[in-house]
Amino acid sequence: MSESNEKNLYKDIEQNAMKKVSENVSEKALNTIINLIKSKYGKACVATGSAFRAYLKNSEIRYNKIKTLADLSEPRLLEGRDGIYVDVFVKYKNKKISTTIVDNLMKISNNIIIIGSGGTGKSMIMRHLFLNTYHRGEYIPVLIELRKIGDIKDESALLNLIHYCIESFDVKLNQEHFEYSLRSGKYLFLFDGLDEVKEDYREKASQLIQEISKKYPDNCYIVSSREEGVSFHELETYTLLNACPLEKKQAIELVKKIGRNDKKIVEFANLLESELYDKHMDFASNPLLLTMMYITFIDNNMIPEHLTDFYESAYDALYKRHDANKEGLFNREYKCKKMGEREFKDLFSYFCFQSYFSQQYEFSKEEICAYIKRGIKRLNLITSIDNPQMFFDDIKNIVCLIVEEGNRYKFAHRSFQTYFAAYYTATHVTDELQKIFLKKELDKKHFFREDFLYMLYRLEGERFNINVLETGLEDVLNKLENSESPQFDFFKIAYQSLSVHGNILYRGVNSTIHMDIPYERNIILLFNNLYHNKNYKDNVLSKKIIMLLNEHSVTFKEKKEIEIEDLANIKPESKKKEILELLYKYCKIDSLLERITEWMSEQKRKKISITENSAEDEMLKML
């Protein structure tokens, strides 16, 4: 028997064994729930038991199929033989925890938040945990995509969504029985995408998650989210875990699984091992960006250098990748034949821009067509396209940037929406409108949309500097112009609080008392991330400051947190001065302010140079 056939045989044996285990375990968890319902509702529990069995069967089939950017023409299995899932780690207290089985996470807490940036595979982890629990755990898993919660009108919104997520698998489950069954402690609730809840309702959604986990504490709860733009202070019983980047071995394994077994994939995997992973670690360790790297290498034999280039190259590959490129298949034709490549891209970017800033991540067909119709009018494409339906069909069936889930649609990956929102801003929004619009975005009292702004900066660096950073930093410097204590006032603008975690002093952009982040602080954060970013910590200095704050601030000693402005109240004056001087050094206040001042001077010199060169050009024309 060949090595390949032997491996497949073992996989088949393992799958059959897992299936038997899952049947026994699922029944065990289900029987506990049914017996609980039976004790209160008698024979009525029979229909509920049937509904749960149908739900488990149908949801397992649904969640075990996934489309990848590497091949959007057909779904792939996530788990099992030929499954594409690669076991990854999450980090807890500087230790790597395997997500192979859900039990590893439950040992830490039964209230967990998994955080990670876009493309780190959080949703895949959640699906894997669903399937893992179905096959091996002691719970009935329920995966809740939080973007579906919509407007939260009352306290029952989350329970109604959970109930809907079960009934959506073609079952009818008595809601009263379901809510009573929550007392069983036999559920694993997987709340995917807290960051996808509209900002106006995100805090309320967090409150509802916390309430249900307090009311039914024996169940297990896992939340996934990006960190930027989300405050987790409402989830007070939840432990934060960080999704880890792919290690080299995992990256190679993922490429081999998502790719088709041919010479190109072997070549790419070998390059990953020998040089690409080490050279492009930031990209190759991110599952989404690694997939884009794979796509562009397979199609164009090249590797992009910057993040925005990845999205551009991946889009180009998807736009030009017809089924004719796949051996033995027919060539699909675009329905928007009269529309040029640039026009197609512009219309898609309009849809992304409008939906991104409307915080809409899931759509009906009618909603997408409404966006497209407005885009056709806005971009004056009436002569290039006859019907919004044609464009909808092309982005779904040809470019495959929109994927169908039941009767709803979402982006193949949300980060495409972000990139093309930035692309539209760079190519179709004037300087005047950018200044107004982006200032409004940064003045929303929450942490800024870091991924969008970073992509916009990469697309139009100098314009971004002028339209966003210059305007904001000028406001900051104007506030300090007549200050009697510019160091301290800048410290208050840049940070809201100081807190201690793990015996290390942290500076906070907000606090438990003041969650809102003012416009000027967002600007400084943005500048710091793009141009300064010296965040290493002096642990010796940290311990000294903590000791002094404990001695001279009752508030800090009790709460391990202090507002920056309250530092002014420390007595005696000599100790206040000593603490502040140490804090300025620890937080790099002087170097940050100096860098801002230098940067603004550089921008001014550039403008003078441009003006002088323009004047010289005009004179030459006259000669």
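Quick caveat: nothing in here was measured; it's all calculated off a predicted structure.
Rounding to the nearest 0.5 Å places CG of L549 at 5.5 Å from CD1 of I570. Rounded to the nearest 0.5 angstrom, E460 CD and L456 CG are separated by 4.5 Å. We find the CG-CG distance between L505 and L541 to be 8.5 Å, quoted to the nearest 0.5 Å. The structure places CE of M600 at 5.5 Å from CD of E470, a figure rounded to the nearest 0.5 Å. The structure places CD of Q496 at 9.0 Å from CD1 of I517, a figure rounded to the nearest 0.5 Å.
More than 12 heavy-atom neighbours from other residues, nucleotides or ligands sit within 6.0 angstrom of CZ on F357. Annotation for E273: atom CD does not count as buried by contact number, only 12 or fewer foreign heavy atoms lying within 6.0 Å. Taking a 6.0 Å sphere around NZ of K576, one finds it holds more than 12 heavy atoms contributed by other residues, nucleotides or ligands.
Checked by atom type and distance alone, the side chain of S358 never pairs as donor or acceptor with a backbone atom of S355 at under 3.5 Å. Judged by distance alone, with hydrogens and angles left aside, the side-chain atoms of R183 form no donor-acceptor pair with the main-chain N or O of D218 at under 3.5 Å. The main-chain N or O of G193 is never found under 3.5 Å from a side-chain atom of R147 such that the two would form a donor-acceptor pair. Formation of a donor-acceptor pair under 3.5 Å by the S553 side chain with backbone atoms of N550 is not found in this model. Judged purely by atom type and a 3.5 angstrom limit, N132 has no side-chain atom pairing as donor or acceptor with the backbone of H128. Between the N104 side chain and the S98 main chain, a donor and an acceptor come within less than 3.5 Å of each other. Side-chain N or O atoms of N219 include one that pairs as donor or acceptor with a backbone N or O of L182 at under 3.5 Å. The closest donor-acceptor contact from the side chain of H413 to the backbone of S415 lies under 3.5 Å. Listed for the Q434 side chain is no donor-acceptor partner under 3.5 Å among the backbone atoms of V468. Without hydrogens or angle criteria, S542 side chain to D538 main chain gives no donor-acceptor distance under 3.5 Å.
L190 places none of its side-chain heavy atoms less than 4.5 Å from the side chain of T133. Counting only heavy atoms from C-beta outward, the side chains of L592 and F490 approach each other to under 4.5 Å. The shortest side-chain heavy-atom distance between I84 and L78 falls under the 4.5 Å cut-off. For the pair K588/R595, no side-chain contact is recorded, criterion being any heavy-atom separation below 4.5 Å from C-beta on. At least one side-chain heavy atom of D278 sits less than 4.5 Å from a side-chain heavy atom of K248. With a 4.5 Å cut-off on side-chain heavy atoms, D566 and T555 do not count as touching. No side-chain heavy atom of Q603 sits less than 4.5 Å from a side-chain heavy atom of E474. Inter-residue side-chain proximity for K214 and E236 is flagged as met; some heavy-atom pair is nearer than 4.5 Å.
Side-chain atoms of H233 and S231 include a donor-acceptor pair closer than 3.5 Å. For the 3.5 Å distance criterion, the side chains of Y531 and N465 qualify, holding a donor opposite an acceptor. No hydrogens or angles considered: nothing links the side chains of Y311 and T418 as a donor-acceptor pair under 3.5 Å.
When every heavy atom of S511 is checked against every heavy atom of M515, the shortest pair comes out as O-SD, 2.9 Å. Nearest approach of Q417 to Y361, heavy atoms of both residues: OE1-CD2, 3.2 Å.
Between W599 and F527, the two ring planes are perpendicular [angle over 60°; tilted spans 30° to 60°]. Ring orientation note: the planes of F283 and H280 are close to parallel, at an angle under 30° on the 30°/60° scale. Taking the six-membered ring where the residue is Trp, F488 and F491 present perpendicular rings, their angle passing 60° and hence far from 30°.
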Donor-acceptor pairs under 3.5 angstrom involving side-chain atoms of residues 202-209: please list them, not counting sequence neighbours.
from : atom 1 : to   : atom 2 : distance (Å)
R202 : NE     : V197 : O      : 3.0
R202 : NH1    : G229 : O      : 2.6
R202 : NH2    : D195 : O      : 3.1
R202 : NH2    : V197 : O      : 3.0
K204 : NZ     : E155 : OE1    : 3.4
K204 : NZ     : E155 : OE2    : 2.7
S206 : OG     : R202 : O      : 3.1
Q207 : NE2    : E234 : OE2    : 3.3

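Taking the six-membered ring for Trp, Y495 and Y586 have ring centres at least 6.0 Å apart. In this structure, F452 has its ring center closer than 6.0 angstrom to the ring center of Y356. Aromatic ring centres of Y63 and F130: separated by under 6.0 Å.
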Steps toward salt bridge (charged side-chain N to carboxylate O under 4.0 Å, His left out) verdict (D451, R226): CA-CA 10 Å; D451 47 358; R226 297 187 189 192; 2.5 Å; yes

